[in-house]
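Comments concern the structure below.
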Amino acid sequence: ELAAFRASITSTIIPGVGIMLKGSYWMDMNKVKYYSAADSETLKVDLDRNRYAVVGKLKFKWLTLLGEYLGTQDGSTPDNKITEGKGWSVFGEIAPVNWLGLLARYDSWDKNVTDTTTAAQNDAITTLIGGLNLKVSNELLMQFNYQKASYQDTTRLPVDKFMVQAKYSF
């Protein structure tokens with residue numbers, strides 16, 4: 001008796017060399033059962049989840065710029081509570097030669113901008129990344145990045161990381 005429906009659509013437009021616009025939408029409608037101790041019964045709940053994103057990219061010679069906006073909507077029936085999340089990201093890379101790139105990225109995310117509780121209004125996160133991409137071969141990319149995550153909740157300390165990653169493609 002429980003049913004689920006999932007669908008997604010993505011569209012990409014490339015109006016010229018080095019320019020790309022992309023949009024996507026994903027939806028999930030699901031019925032779930034859970035036991036409510038307060039009501040001493042099993043309840044059926046409709047859960048709806050929606051995701052949408054818009055991405056723009058510009059690449060010209062040695063410069064790449066990318067921006068993204070992401071939104072979420074999570075809701076359930078019977079209480080009709082809708083929680084919306086919103087975030088965005090900007091990325092830039094300067095690659096003066098094809099084997100070396102300097103990059104920077106900034107992300108901002110708040111998973112529940114419409115929830116008015118104190119805890120929910122204090123959970124946004126921002127991340128700043130700077131690094132170096134080194135293309136060792138056509139198959140191997142080495143990445144050296146510094147990442148700092150900061151929280152809206154001032155009782156949480158920022159997190160600093162230095163990361164080394166190897167990406168092998170075949």
Side-chain angles (χ1 to χ4, degrees), residues 5-30 48-75 82-115 119-170:
F5 174 78
R6 289 187 177 99
S8 66
I9 185 168
T10 300
S11 180
T12 303
I13 299 170
I14 303 174
V17 175
I19 301 171
M20 188 260 317
L21 298 169
K22 187 177 206 174
S24 65
Y25 179 76
W26 177 84
M27 68 185 303
D28 176 26
M29 297 186 312
N30 207 348
D48 296 336
R49 297 183 299 171
N50 299 298
R51 307 287 184 262
Y52 52 92
V54 178
V55 178
K57 181 178 179 183
L58 177 62
K59 183 166 178 56
F60 181 74
K61 295 185 181 184
W62 46 267
L63 176 66
T64 301
L65 299 172
L66 185 112
E68 179 177 12
Y69 177 80
L70 172 67
T72 65
Q73 291 180 324
D74 296 333
I82 303 293
T83 300
E84 291 186 26
K86 296 190 185 303
W88 57 277
S89 177
V90 290
F91 168 85
E93 182 178 24
I94 297 172
V97 291
N98 68 348
W99 55 269
L100 179 66
L102 300 170
L103 62 99
R105 177 174 154 176
Y106 179 84
D107 298 335
S108 175
W109 175 246
D110 189 342
K111 67 181 179 180
N112 48 19
V113 294
T114 55
D115 192 332
Q121 288 300 306
N122 205 21
D123 67 350
I125 182 172
T126 58
T127 306
L128 181 62
I129 300 171
L132 179 73
N133 284 345
L134 181 62
K135 187 175 178 182
V136 178
S137 69
N138 286 336
E139 298 81 22
L140 182 60
L141 175 68
M142 295 296 297
Q143 295 181 305
F144 305 90
N145 296 321
Y146 167 76
Q147 176 177 315
K148 180 176 185 137
S150 300
Y151 302 93
Q152 183 180 13
D153 181 354
T154 56
T155 63
R156 293 184 70 182
L157 295 176
V159 177
D160 296 293
K161 295 182 200 176
F162 182 74
M163 299 177 294
V164 177
Q165 300 174 4
K167 292 185 178 180
Y168 184 79
S169 302
F170 54 92

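Every heavy atom of this structure was used, including side-chain atoms; hydrogens, water molecules and symmetry mates were not.
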I'd like to know whether D48 forms a side-chain contact (heavy atoms from CB on, under 4.5 Å) with Q73, so could you lay out the CA-CA distance, the side-chain angles of the two residues, the decisive distance to 0.1 Å, and finally the verdict. CA-CA 8 Å; D48 296 336; Q73 291 180 324; over 6 Å; no
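- The 12-atom threshold is not exceeded at NZ of K57, counting heavy atoms of other residues, nucleotides or ligands nearer than 6.0 Å.
- W26 places a side-chain heavy atom less than 4.5 Å from the side chain of R49.
- Shown here is F162, whose CZ atom has more than 12 heavy atoms of other residues, nucleotides or ligands within 6.0 Å.
- Considering CG of L128 and OG of S108, their distance stands at 12.0 Å, rounded to 0.5 Å.
- Taking the side chain as every heavy atom from C-beta outward, D123 and D110 approach each other to under 4.5 Å.
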Where do R51 and D74 land on the side-chain contact (heavy atoms from CB on, under 4.5 Å) test, with the steps shown first? CA-CA 9 Å; R51 307 287 184 262; D74 296 333; 2.7 Å; yes
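- When every heavy atom of G131 is checked against every heavy atom of N145, the shortest pair comes out as CA-OD1, 3.4 Å.
- To the nearest 0.5 Å, atom OG1 of residue T127 and atom OH of residue Y151 are 7.5 Å apart.
- With rounding to the nearest 0.5 Å, the separation of CG in L103 from CD1 in I129 is 8.0 Å.
- Note: Y25 OH to Y52 OH = 9.5 Å, rounded to the nearest 0.5 Å.
- Scanning both residues, E93 and G101, for their nearest heavy atoms gives OE2-CA, 3.5 Å.
- The minimum heavy-atom distance linking A53 with E68 is given by the pair CB-OE2, 4.3 Å.
- Counting non-hydrogen atoms of other residues, nucleotides and ligands closer than 6.0 Å to NZ of K111 gives a total of 12 or fewer.
- Taking both residues in full, the closest heavy atoms of G56 and L21 are given as CA-CD2, 4.1 Å, listed atom of the first, atom of the second, then distance.
- With a 6.0 Å radius and a threshold of 12 heavy atoms from other residues, nucleotides or ligands, L65 has its CG atom above the threshold.
- Separation of atoms CG (D107) and CD1 (I125) is listed at 9.0 Å; rounding is to 0.5 Å.
- Using a 4.5 Å heavy-atom threshold, the side chains of E139 and V136 count as separate.
- A distance-only check finds no donor-acceptor pair linking the side chain of T83 to the backbone of N112 [under 3.5 Å].
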L141 vs L134, test: side-chain contact (heavy atoms from CB on, under 4.5 Å). Steps then yes/no. CA-CA 6 Å; L141 175 68; L134 181 62; 5.8 Å; no
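- In terms of heavy-atom proximity, W109 sits nearest to T72 at CH2-CG2, 3.7 Å.
- How far CD of E84 is from NZ of K86: 4.5 Å, rounded to the nearest 0.5 Å.
- Nearest heavy atoms, M27 versus N50: CB-OD1, 3.2 Å.
- Atom CZ of R105 sits in a sparse spot, with 12 or fewer heavy atoms from other residues, nucleotides or ligands closer than 6.0 Å.
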